[in-house]
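A quick write-up on the structure given underneath.
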Number of protein chains: 2
Amino acid sequence: MADTAEAGQAGSGPDFRPLYGQVKDLLVRRIAAGELRPGEALPSEMRLAAELGVSQGTVRKALDELAAQHLVERRQGRGTFVAEQTESRALFHFFHLFDAEGQRGSPACREASSKSGSASRAEAKRLDLAAKAPVIRIDRVRTLDGVPSMVERIVVPAGLFPGLAEQPGDALPNTLYEMFQRDYGVTVTTADEQLRAVAAGAADARKLDVPEGTPLMEIDRVAIGIRGRPVEWRLSRVRTDAHTYRVRLD
Amino acid sequence: MADTAEAGQAGSGPDFRPLYGQVKDLLVRRIAAGELRPGEALPSEMRLAAELGVSQGTVRKALDELAAQHLVERRQGRGTFVAEQTESRALFHFFHLFDAEGQRGSPACREASSKSGSASRAEAKRLDLAAKAPVIRIDRVRTLDGVPSMVERIVVPAGLFPGLAEQPGDALPNTLYEMFQRDYGVTVTTADEQLRAVAAGAADARKLDVPEGTPLMEIDRVAIGIRGRPVEWRLSRVRTDAHTYRVRLD
DNA sequence: CAGTGGTCTAGACCACTTA
DNA sequence: AAGTGGTCTAGACCACTGA
């Protein structure tokens with residue numbers, strides 16, 4: 001950092017990274033390593049600038065971009081804080097089912113069970129694991145506004161969640177990502193989803209109380225952690241008679 | 001603008017808007033009014049700063065935010081340009097169907113027809129029009145990689161697209177948004193989509209060459225123009241046996 | 001009241017593009 | 001060579017927060 005700072009400007013070279021980008025990387029590494037914990041305040045802009053030997057404007061640009069990625073939150077007059085996975089934040093970013101009036105569906109949990117196992121080929125591929133690596137599988141049914149509306153199969157690498165397999169299924173909270181962060185230091189930052197329409201199989205039909213063959217929306221999600229690696233694979237099948245999946249494109 | 005600039009800082013008041021926000025608004029108005037046309041270069045940062053009596057840094061912040069919204073494009077060494085709706089841009093932002101290998105499906109058009117009419121209640125509501133306002137309806141079947149895969153009903157306010165109704169349906173291009181902007185000065189900036197799983201009806205089944213009752217994904221989209229008003233309602237039903245709808249969440 | 005982030009300014013050097 | 005956006009700096013005043 002200092003070398004570039006002494007030059008006083010952008011510098012050059014093939015693999016050059018702007019100063020504010022280097023500041024960003026440094027802060028991301030500190031957060032990912034747990035030196036800065038969720039909810040904790042970062043040093044102020046002035047302090048960071050002094051520590052790193054760059055100007056306040058450069059630190060500001062780095063922090064602004066981290067805030068845009070929801071990795072930190074800035075609060076005027078208070079400071080900059082490592083983002084915390086709250087239930088409302090998790091729902092806002094990762095739960096997109098709304099009822100006809102545009103109200104976010106409020107999910108609850110039912111019939112959850114978790115088991116240990118070793119990764120199938122599909123699981124290993126999705127989670128970027130070695131063949132037969134240990135995984136934990138969670139099956140559950142979720143209700144929306146009281147009606148059984150989703151069946152979910154969740155698969156996570158056992159290595160990231162030591163002890164999770166021993167939890168009884170019904171002890172699992174409704175929004176897992178909050179627990180992932182609080183109890184295991186695993187922060188979900190992004191997710192890739194693939195949606196398709198499928199026909200309800202016999203098991204789906206029974207759990208969701210619909211006729212076999214009913215069209216369901218299948219949501220195939222891989223959640224990515226702060227280090228850029230997959231941390232969860234989730235396959236959901238959803239009734240869309242009372243709720244729709246909403247996206248804003250721009 | 002000048003009054004705030006003279007003060008030299010943020011200012012105050014209940015409905016205060018930062019200087020860079022005012023610059024943004026001004027530029028958006030100029031683009032929306034057609035004073036700055038798609039593809040055209042904006043004045044340079046220095047020129048804008050001089051014209052508006054603000055510093056270059058303030059103009060820069062405004063332009064950076066407009067670039068983040070894809071309203072302008074910045075090219076180092078060349079200038080800042082009003083964003084143009086190209087086919088690849090339209091597909092990138094508004095077409096989210098990918099095949100199993102992760103390649104974007106390449107859509108083509110078939111059996112397009114367009115007719116004038118007056119808005120139904122649902123159409124008037126979606127498009128924020130008066131009851132029975134004149135609309136143009138386009139029906140078409142689209143293929144993905146050669147296979148008939150989508151049926152679409154597109155509805156637009158006739159007032160925004162004078163003369164469009166007289167176009168024969170098969171003269172319509174594959175990506176409409178490019179034509180909306182080039183021929184009618186209507187720029188689509190964002191869209192709200194609602195997705196659900198539905199069963200193919202008799203007409204769907206015939207057009208898509210699938211059995212009646214096959215699960216299809218229905219995409220209900222309202223496209224919003226640069227002035228913030230709805231400019232198109234599009235209802236699509238899609239086969240998702242070979243393609244999936246992909247979203248990245250963060 | 002001191003400390004924080006939010007806004008604004010002025011000026012510098014750089015890399016890139018075009019001519 | 002001239003002009004553009006990209007980066008970086010230094011310093012100012014502001015609104016907001018909490019002790």
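To find a chain, count down the sequence lines: A is the first, B the second, and so on, and within it residues start at 1.
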Seminar exercise, completed: For A:Val231 and A:Pro157 the tightest heavy-atom approach is O-CD, 3.4 Å
Exercise. Side-chain donor-acceptor pair under 3.5 Å between B:Glu193 and A:Tyr245, yes or no?
Worked result: no
Problem set entry | Base of C:dG6 paired with side chain of A:Arg60 (donor-acceptor, under 3.5 Å) | yes
For this session: Take the protein atom CE of A:Met46 and the nucleotide atom P of D:dA10, then report the distance between them rounded to whole Å.
Result: 10 Å
Seminar exercise, completed: Separation of D:dT9 atom C1' from A:Glu45 atom CD, nearest Å, is 14 Å
For this session: With axes from five pairs an end, tell me the bend angle of the helix from C:dC1-D:dG18 to C:dT18-D:dA1, nearest 10°.
Result: 10°
Exercise. Once you round it to whole Å, what is the distance between P of D:dC14 and CZ of B:Phe16?
Worked result: 12 Å
Exercise. Does a salt bridge link B:Arg142 with B:Glu152, judged by any charged N lying under 4.0 Å from a carboxylate O?
Worked result: yes
Exercise. What distance do B:Leu19 atom CG and B:Lys24 atom NZ have between them, rounded to the nearest 0.5 Å?
Worked result: 13.5 Å
Exercise. Which distance, rounded to the nearest 0.5 Å, do you find between the CE of A:Met217 and the CG of B:Leu195?
Worked result: 6.0 Å
Exercise. Counting only side-chain N and O atoms of A:Tyr20, is one of them less than 4.0 Å from OP1 or OP2 of D:dT7?
Worked result: yes
For this session: Establish, yes or no, whether the cationic atom of A:Arg75 lies under 6.0 Å from the six-membered ring centre of A:Phe81 and within 45° of the ring axis.
Result: yes
Exercise. Within this structure, what is the NZ-to-P distance between B:Lys61 and D:dG5, rounded to whole angstrom?
Worked result: 18 Å
Seminar exercise, completed: Here the distance between atom C1' of C:dG5 and atom CG of A:Asp64, to the nearest Å, is 9 Å
For this session: Tell me whether the OP1 or OP2 atom of D:dT9 has a side-chain N or O from A:Thr58 closer than 4.0 Å.
Result: yes
Exercise. Parallel under 30°, tilted from 30 to 60°, perpendicular over 60°: which one fits the rings of A:Tyr184 and A:Phe161?
Worked result: perpendicular
Exercise. How close or far is atom C1' of C:dT4 from atom CG of A:Leu63, stated in whole angstroms?
Worked result: 12 Å
Exercise. Between A:Arg74 and C:dT4, does any side-chain N or O lie under 4.0 Å from OP1 or OP2?
Worked result: no
Please produce a list of atom pairs where a protein N or O lies less than 3.5 Å from an N or O of nucleotides 16-19 of chain C.
from, atom 1, to, atom 2, distance (Å)
C:dC16, O4', B:Gln76, OE1, 3.3
C:dT18, OP1, B:Arg78, NE, 3.2

Seminar exercise, completed: Value for CZ (B:Arg104) from CZ (B:Phe95), rounded to nearest 0.5 Å, stands at 8.0 Å
For this session: Would you mind reading off the distance between A:Glu65 atom CD and D:dC8 atom P, rounded to a whole angstrom?
Result: 11 Å
Problem set entry | Within residues 35-44 of chain A: residues closer than 4.0 Å to DNA chain D (heavy atoms) | none
For this session: Give a yes/no on whether any side-chain N or O of A:Thr80 is located under 4.0 angstrom from OP1 or OP2 of C:dG5.
Result: yes
Problem set entry | Criterion side chain to side chain donor-acceptor pair (under 3.5 Å) on B:Gln56 and B:Glu45, from CA distance to verdict | CA-CA 6 Å; B:Gln56 189 199 1; B:Glu45 294 180 355; 2.7 Å; yes
Exercise. Rounded to the nearest Å, what distance is computed from the CD atom of residue A:Gln56 to the C1' atom of nucleotide D:dC8?
Worked result: 13 Å
Exercise. Between B:Arg221 (side chain) and B:Phe94 (backbone), is there a donor-acceptor pair under 3.5 Å?
Worked result: yes
Exercise. Any side-chain heavy atom of B:Asn174 within less than 4.5 Å of one from B:Pro107?
Worked result: yes
Problem set entry | Intermediate values then yes/no, salt bridge (charged side-chain N to carboxylate O under 4.0 Å, His left out), A:Asp64 and A:Arg74 | CA-CA 8 Å; A:Asp64 281 347; A:Arg74 318 200 69 182; 2.7 Å; yes
